[in-house]
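Since the model is a prediction, treat every value here as computed from it, not as a measurement.
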Amino acid sequence: QVQLVESGGGLVQAGGSLRLSCAASGRTFSVMGWFRQAPGKEREFVATINWSGSNTYYANSVKGRFTISRDNAENTVYLQMNSLKPEDTAVYYCAAAGSVALRTISSDYNYWGQGTQVTVSS
């Protein structure tokens, strides 16, 4: 049974940092990604990473501030978020895809975590 469990969310002031973790169990995945959903908005892509970590891709809104990484020995993917802004406030979801190519569309991901809340105060 596949499970993705996120952790690390919380409340932080603007300009601060948070590190999200996503622990996967049940199998390993070539491509992992992070998405987020703010109240009243659609879920949007944040970042994605391939198996080796050699290839990553970010949404323009987070490029240069967020870093996605993974530890395959621990079957865990991370999202380091720096210089946080109030507009980064959302529920952040970890997702896993069976493909080998990076994916930015939510429907391309097969498994999802339950989400973790990130709130950035101004």
Side-chain angles (χ1 to χ4, degrees):
Q1 182 180 355
V2 175
Q3 267 195 316
L4 303 178
V5 180
E6 302 100 333
S7 60
L11 173 64
V12 64
Q13 287 189 331
S17 299
L18 282 175
R19 188 196 197 201
L20 305 183
S21 299
C22 172
S25 60
R27 59 166 284 189
T28 57
F29 296 92
S30 295
V31 172
M32 301 288 291
W34 287 96
F35 288 75
R36 67 186 182 186
Q37 188 167 17
K41 295 187 177 181
E42 292 188 354
R43 189 170 299 188
E44 65 173 0
F45 166 76
V46 174
T48 182
I49 188 169
N50 67 342
W51 169 258
S52 66
S54 61
N55 199 9
T56 58
Y57 187 78
Y58 298 91
N60 287 335
S61 59
V62 307
K63 199 174 296 182
R65 300 187 298 121
F66 291 10
T67 302
I68 188 172
S69 62
R70 65 190 297 168
D71 182 341
N72 291 332
E74 298 293 329
N75 211 9
T76 300
V77 64
Y78 303 97
L79 185 68
Q80 177 66 44
M81 306 185 295
N82 299 328
S83 302
L84 283 161
K85 305 175 181 180
E87 51 263 44
D88 293 319
T89 295
V91 176
Y92 283 71
Y93 297 91
C94 171
S99 71
V100 296
L102 296 183
R103 302 292 181 183
T104 63
I105 300 174
S106 60
S107 59
D108 287 339
Y109 286 80
N110 308 102
Y111 300 95
W112 292 84
Q114 81 288 351
T116 185
Q117 176 71 47
V118 171
T119 303
V120 184
S121 63
S122 58

For Ala23, all residues meeting side-chain contact (heavy atoms from CB on, under 4.5 Å), sequence neighbours excluded:
Thr76
Would you find a donor on one side and an acceptor on the other, under 3.5 Å apart, between the side chain of Thr116 and the backbone of Gly9?
yes
Once rounded to the nearest 0.5 Å, what's the spacing between atom OG1 of Thr89 and atom CG of Leu11?
8.5 Å
Decide yes or no for Gln13 and Pro86: does some side-chain heavy atom of the first lie under 4.5 Å from some side-chain heavy atom of the second?
no
Euclidean distance, Gln117 CD relative to Arg36 CZ, rounded to 0.5 Å:
12.0 Å
When you look at NZ of Lys63, are more than 12 heavy atoms from neighbouring residues, nucleotides or ligands closer to it than 6.0 Å?
yes
Look at the side-chain heavy atoms of Ile, Leu, Val, Met, Phe, Trp and Tyr, link any pair under 4.5 Å apart, and say whether Val77 and Val2 land in one connected group.
yes
Taking C-beta and beyond as the side chain, do Leu18 and Leu84 meet within less than 4.5 Å on heavy atoms?
yes
Could you walk me through whether Thr119 and Val12 pass side-chain contact (heavy atoms from CB on, under 4.5 Å), step by step?
CA-CA 6 Å; Thr119 303; Val12 64; over 6 Å; no
Identify which one of Leu20, Val62, Leu79, Val46 satisfies the side chain to side chain contact (heavy atoms under 4.5 Å, CB included) criterion when paired with Ile68.
Leu79
When you measure from the centre of the six-membered ring of Tyr93, is the NZ or CZ of Arg43 under 6.0 Å away and within 45° of the axis?
yes
Which pairs with one or both residues in residues 35-69 pass disulfide bond (SG atoms under 2.5 Å apart), sequence neighbours excluded?
none
About how many Å separate CD of Glu44 and OG of Ser61, when rounded to the nearest 0.5 Å?
5.5 Å
Out of curiosity, Ser69 OG to Met32 CE, how far, rounded to the nearest 0.5 Å?
11.5 Å
Tyr109: what forms a ring pair (Phe, Tyr, Trp, His ring centres under 6.0 Å) with it, not counting sequence neighbours?
Phe35
Look only at the side chain of Asn50 and the backbone of Ser54, and say whether a donor-acceptor pair between them is shorter than 3.5 Å.
yes
Would you say that Thr28 contacts Asn72 through its side chain, given a criterion of any heavy-atom pair below 4.5 Å between the two side chains?
no
Treating Ile, Leu, Val, Met, Phe, Trp and Tyr as nodes and any side-chain heavy-atom pair under 4.5 angstrom as an edge, say whether Phe29 and Trp112 lie in one connected cluster.
no
Test item: Ile49 and Tyr57 side chains (from C-beta on) under 4.5 Å apart, heavy atoms:
no
For residues Met81 and Ser17, determine if any side-chain heavy atom of one lies less than 4.5 Å from a side-chain heavy atom of the other.
no
Who clusters with Trp51? Use side-chain heavy atoms, under 4.5 angstrom, across I, L, V, M, F, W and Y, and order the result by chain and number.
none
Can you tell me how far OG of Ser21 sits from CZ of Arg70, rounded to the nearest 0.5 angstrom?
13.5 Å
Can you list every pair that meets disulfide bond (SG atoms under 2.5 Å apart) and has a residue in residues 24-122, with sequence neighbours left out?
Cys22-Cys94
Tyr78: which other cluster members, linking ILVMFWY side chains closer than 4.5 Å, directly or transitively?
none
Phe66 vs Trp34 side-chain heavy atoms within contact, under 4.5 Å
no
Nearest heavy-atom contact between Val120 and Lys85 is CB-O, 3.3 Å
Backbone N/O of Ser83 and side chain of Arg65: donor-acceptor pair under 3.5 Å:
yes
From Ser25 OG over to Gln3 CD, what is the distance, rounded to the nearest 0.5 angstrom?
5.0 Å
Group every Ile, Leu, Val, Met, Phe, Trp and Tyr by side-chain heavy-atom contacts under 4.5 Å, then state whether Phe45 and Leu4 land in the same group.
no
